[in-house]
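Written out below as structure tokens is the structure these notes cover.
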Amino acid sequence: MKKTVILIFCSIFLVACQSEAAIQRENETITLFNKNCAGCHGLELNGTGLASGIRGLKKKDILNSIHNGEINMPANILTGENAERVATWVAKQK
Ligand code: HEC
């Protein structure tokens, strides 16, 4: 009985820590986007006078744009894992 109670408490604790970490990770990704992309595409991804909105795109296409650049968008503003994370996050913003 005691063991079960301890086990349940440990599980709740672990789940809480994991979601905390996931939220922190998402916030880091948003910060990456805000610093590197929002200047042209807008904090809400709806575009600015400099570039169009980038909602509803596929991850593969977003990564492609980051790696190869676009007219008036330099290539490789982000690379590696950071590019992956931002592309995944942008693709989730419908
Ligand atoms: C210096 C301004 C600038 C910055 C910074 C910038 N972009 Fe762009 N981006 C553009 C322009 C200009 C285009 C091409 C024309 C358009 O879509 O308005 C473009 C195009 C794109 C496209 C293709 C849009 C489509 O409809 O196919 C994607 C995706 C994209 N950018 C994502 C990003 C991401 C992610 C970042 C941050 C890593 C970023 N951009 C940073 C200016 C910028």
Side-chain angles (χ1 to χ4, degrees):
M1 179 57 193
K2 221 176 183 181
K3 270 189 186 161
T4 314
V5 172
I6 291 173
L7 209 71
I8 290 171
F9 270 113
C10 286
S11 310
I12 293 171
F13 181 71
L14 275 179
V15 168
C17 286
Q18 274 175 356
S19 49
E20 186 87 350
I23 290 168
Q24 186 171 350
R25 222 177 133 68
E26 175 156 31
N27 283 340
E28 283 169 17
T29 308
I30 294 171
T31 302
L32 277 175
F33 178 87
N34 289 350
K35 282 192 181 152
N36 296 286
C37 318
C40 294
H41 292 287
L43 286 168
E44 301 295 325
L45 291 77
N46 293 326
T48 67
L50 295 172
S52 57
I54 49 170
R55 284 180 181 269
L57 299 172
K58 290 203 185 77
K59 179 184 170 185
K60 178 171 68 72
D61 298 328
I62 298 162
L63 255 187
N64 219 17
S65 296
I66 297 175
H67 285 154
N68 301 321
E70 298 273 350
I71 298 171
N72 293 328
M73 171 174 156
N76 296 313
I77 294 176
L78 292 174
T79 56
E81 204 212 329
N82 285 348
E84 277 281 328
R85 283 171 69 171
V86 168
T88 305
W89 181 79
V90 170
K92 279 198 296 185
Q93 317 305 310
K94 303 293 177 194

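Just so you know, ligand 1 is whichever comes first in the structure, and atom 1 is the first atom listed for that ligand. The figures that follow rest on heavy atoms only: side chains count, while hydrogens, waters and symmetry mates do not.
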Exercise for the section: Specify the protein heavy atom at minimum distance from atom 41 (C) of ligand 1: its residue, its atom name, and the distance to 0.1 Å. Expected result: I77 CD1, 3.5 Å

Completion exercise
The answer for which part of I54 has a heavy atom under 4.0 Å from ligand 1 is side chain

Exercise for the section: Would you mind listing which atoms of ligand 1 come within a distance below 4.0 Å of any non-hydrogen atom of I66? Expected result: 35 (C)

Handout entry: Nearest non-hydrogen partners of I62 and A91, listed with the distance
Key = CD1-N, 3.6 Å

Exercise for the section: Note the single closest protein heavy atom to atom 17 (O) of ligand 1, along with its residue, its atom name and the distance in Å. Expected result: S52 OG, 2.5 Å

Exercise for the section: Have a look at H41 and say which of its N, O or S atoms is nearest atom 8 (Fe) of ligand 1. Expected result: NE2

Practice task
Look at atom 22 (C) of ligand 1 and say which protein heavy atom is nearest, naming residue and atom and giving the distance to 0.1 Å.
Solution key: S65 OG, 3.6 Å

Practice task
Please indicate, with yes or no, if any protein heavy atom is found under 4.0 Å from atom 15 (C) of ligand 1?
Solution key: no

Handout entry: Numbered atoms of ligand 1 (with element) below 4.0 Å of N36, judged on heavy atoms
Key = 5 (C), 37 (C), 41 (C)

Handout entry: Minimal non-hydrogen separation, L45 against F33, with atom names
Key = CG-CZ, 3.7 Å

Exercise for the section: Give the residue, atom name and distance (to 0.1 Å) of the protein heavy atom nearest atom 20 (C) of ligand 1. Expected result: E70 CG, 3.3 Å

Problem - Protein heavy-atom partner closest to atom 33 (C) of ligand 1 - residue, atom, separation in Å - result: M73 CE, 3.3 Å

Exercise for the section: Please report the closest heavy-atom contact between L78 and I66, naming both atoms and the distance. Expected result: O-CG2, 3.4 Å

Exercise for the section: Determine whether Q24 and E20 make a side-chain contact, defined as any pair of heavy atoms from C-beta on separated by less than 4.5 Å. Expected result: no

Completion exercise
for atom 4 (C) of ligand 1, nearest protein heavy atom and its distance come out as C40 SG, 3.3 Å

Practice task
Give the minimum heavy-atom separation between A38 and N34, together with the two atoms involved.
Solution key: CB-O, 3.5 Å

Problem - Distance filter under 4.0 Å to L50 heavy atoms, resulting ligand 1 atoms - result: 12 (C)

Fill in the blank from the handout: the protein heavy atom lying closest to atom 25 (C) of ligand 1 turns out to be L57 CD1, 4.1 Å

Handout entry: Over all atoms of both residues, closest heavy-atom pair of A83 and H67
Key = CB-NE2, 4.2 Å

Problem - Polar side-chain atom of T48 near backbone of C40 as donor-acceptor pair, under 3.5 Å - result: yes

Fill in the blank from the handout: Under 4.0 Å between heavy atoms, the region of C37 that gets near ligand 1 turns out to be both

Practice task
Please answer whether the main-chain N or O of G80 pairs with a side-chain N or O of E84 as donor and acceptor at a distance below 3.5 Å.
Solution key: no

Problem - Linked, directly or transitively: L57 and V90 (ILVMFWY side chains, under 4.5 Å) - result: yes

Exercise for the section: Distance to 0.1 Å, residue and atom name: give those for the protein heavy atom nearest to atom 12 (C) of ligand 1. Expected result: I71 O, 3.3 Å

Problem - Non-hydrogen side-chain atoms of E44 and R55 separated by less than 4.5 Å - result: yes

